[in-house]
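The shown structure was predicted, so the numbers you read here are calculated from the model rather than taken from an experiment.
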Amino acid sequence: MILAKVLTNRLKKVCLHIIEENQSAFIPGRGLQEGFAISQEIIANLHKDKRSGIILKLDFAKAYDHVKWDFLLQVMTLHGFSANWTRMIKMCVGSAMALVSINGSICGFFHINRGLRQGDPLSPMLFSLVANVLSRMCLKAERASWIAGLPCSNRGTPVTHLQYADDTMVFAEPEEDVLGGYKFILSCFAILSGLKINWSKSSLWAINVDITRVESLVALVGCELQQAPLKHLGLPLVQRRLLRKDWVPLVERIEKRLAGWENRCLSSGGRRLISYAADSSGTERIQETSNLTWCNGRISRSPEKQVASGF
């Protein structure tokens, strides 16, 4: 664990320069609010200019569990990491073991040959390196005019995709050859890295596109048609500024988590830790995407939060 933490701290400094700007998770100096703001700008621009566009929300099937180790090590080698570095990374990820419990009986440990461990400090950075290959493929395909993204403004640079860890949004012109190009890239990436798209859980959102054309595009991609508004990282993507009612589902979800815990016999420090673990992701999301004091105030005033904080 100490070695993994040391490698993670050093890797963060390097990933800042080699990970594309489309990825906003785990990279120092980047945050959730950047991708969310860009997505809203694209949607607002489409409605303002009455242009048509397609947004794909992709779902990777058990992303961390399917990463191929040989692909990860090859990516690091191509980025210029030394043999000693790749050897230490292989030692960290390759030390993982698993066991199977059948009807309460443990059948023993066995080695696994792919995937990144949840909770390992190295895993987010290593996953970013793997996901960055998809970004490079999309950018190269755009330069070759195989795919076409959507701009944030009339003179803005088209955006093909945005990533926050394994949460990926794809922006495309409503053309069959463009979406076919995206699907081909995703299929190639799945073969190389092991990260396959779960199309049954992915969704397509069409803006200012004729319904008959939308149906043909949905059939081509093989995913569900999403009705407005599309949610990204728990927040609705709308063309206007987010109102209080847009935040209510996220705040209620946090309050529900706080109301469900029953470890009231723990110490004050233990209760505080459980409370922070329950709502940290939600409150950080609120703080990063907006300075809306109403959300943070409502969460802080909840009885469960006050009890958990020891007051």
Side-chain angles (χ1 to χ4, degrees), residues 1-32 34-35 38 58 60 62-96 111-147 149 157-170 181-182 184-197:
M1 181 60 71
I2 296 178
L3 175 61
K5 189 64 177 178
V6 172
L7 293 177
T8 301
N9 291 335
R10 294 188 178 183
L11 197 56
K12 285 181 179 179
K13 300 177 182 179
V14 179
C15 286
L16 178 62
H17 303 286
I18 62 178
I19 300 295
E20 298 292 336
E21 294 181 354
N22 304 74
Q23 175 66 264
S24 57
F26 313 125
I27 308 301
R30 304 180 191 178
L32 178 149
E34 298 174 2
I38 293 174
L58 303 179
F60 285 98
K62 298 181 179 179
Y64 274 59
D65 297 336
H66 288 173
V67 174
K68 294 182 179 179
W69 292 348
D70 55 347
F71 178 75
L72 168 63
L73 297 176
Q74 186 177 6
V75 169
M76 297 189 70
T77 301
L78 293 175
H79 275 300
F81 287 88
S82 65
N84 188 40
W85 251 92
T86 55
R87 180 184 60 81
M88 289 189 292
I89 295 296
K90 184 177 181 180
M91 182 175 62
C92 289
V93 299
S95 62
H111 289 278
I112 58 177
N113 55 13
R114 67 175 182 179
L116 302 173
R117 286 178 288 188
Q118 299 283 350
D120 189 333
L122 262 176
S123 295
M125 305 306 300
L126 296 180
F127 184 85
S128 296
L129 285 172
V130 173
N132 190 55
V133 176
L134 177 60
S135 294
R136 296 284 181 91
M137 294 173 69
C138 288
L139 294 175
K140 189 173 182 178
E142 183 188 23
R143 288 193 293 267
S145 300
W146 293 353
I147 58 176
T157 302
V159 178
T160 57
H161 69 288
L162 293 171
Q163 293 177 306
Y164 188 84
D166 61 334
D167 197 306
T168 304
M169 300 281 289
V170 170
Y182 274 110
F184 177 74
I185 292 172
L186 292 169
S187 299
C188 294
F189 178 68
I191 295 173
L192 293 171
S193 66
L195 298 179
K196 298 181 180 180
I197 302 296

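Applying the salt bridge (Lys or Arg N to Asp or Glu O under 4.0 Å) definition to pairs two or more places apart or across chains, none involves residues 62-80. Counting only residues at least two apart or in different chains, salt bridge (Lys or Arg N to Asp or Glu O under 4.0 Å) contacts with residues 125-140 comprise Glu20-Arg136.
Between Asn132 and Ile18 the shortest heavy-atom distance is ND2-O, 3.2 Å. Contact between Ala4 and Pro121 at its shortest, heavy atoms only, is CB-CG, 4.1 Å. Here the closest heavy-atom approach between residue Ile19 and residue Ser128 is recorded as CD1-O, 3.6 Å. Across all non-hydrogen atoms, the minimal contact from Asn22 to Ser135 is CB-OG, 4.1 Å.
Legend: residues meeting side chain to side chain contact (heavy atoms under 4.5 Å, CB included) with Ile185, ordered by chain and number and at least two apart, are Leu134, Met137, Cys138, Ala141, Ile147. Scanning for side chain to side chain contact (heavy atoms under 4.5 Å, CB included) contacts around Trp69 gives Val93, Ile112, with sequence neighbours left out. Not a single side chain to side chain donor-acceptor pair (under 3.5 Å) links Ser24 to another residue, sequence neighbours left out. Take Phe189 and apply the ring pair (Phe, Tyr, Trp, His ring centres under 6.0 Å) test, not counting sequence neighbours, and it matches no residue. Residues that satisfy the side chain to side chain contact (heavy atoms under 4.5 Å, CB included) test with Arg114, not counting sequence neighbours, are His66. Every side chain to side chain donor-acceptor pair (under 3.5 Å) that Asn84 has, sequence neighbours left out, goes to Arg87. Listed by chain and residue number, Phe71 satisfy the side chain to side chain contact (heavy atoms under 4.5 Å, CB included) test with Leu192 (two or more places apart in sequence, or in another chain). Taking Gln23 as the reference, nothing meets the side chain to side chain donor-acceptor pair (under 3.5 Å) condition, with sequence neighbours excluded.
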So Leu195 and Phe127, side chain to side chain contact (heavy atoms under 4.5 Å, CB included) or not? Walk me through it.
CA-CA 10 Å; Leu195 298 179; Phe127 184 85; 3.9 Å; yes
Could you give me the CA-CA distance, side-chain angles and deciding distance for Cys92 and Leu7, then say whether side chain to side chain contact (heavy atoms under 4.5 Å, CB included) is met?
CA-CA 10 Å; Cys92 289; Leu7 293 177; 4.0 Å; yes
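Counting only distance, with no hydrogens or angles, the side chain of Ser123 and the backbone of Arg117 share a donor-acceptor pair below 3.5 Å. Between the Asp166 side chain and the Tyr64 main chain, no donor and acceptor come within less than 3.5 Å of each other.
To the nearest 0.5 Å, atom CG of residue Leu122 and atom OG1 of residue Thr8 are 3.5 Å apart. Interatomic distance, Glu142 CD to His161 NE2, rounded to the nearest 0.5 Å: 9.5 Å.
Using a 4.5 Å cut-off on side-chain heavy atoms (C-beta onward), Ile27 and Met125 make contact.
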Run the side-chain donor-acceptor check on residues 72-81: report pairs under 3.5 Å with partners two or more places apart or on a different chain.
{"from": "Thr77", "atom 1": "OG1", "to": "Leu73", "atom 2": "O", "distance (Å)": "2.9"}

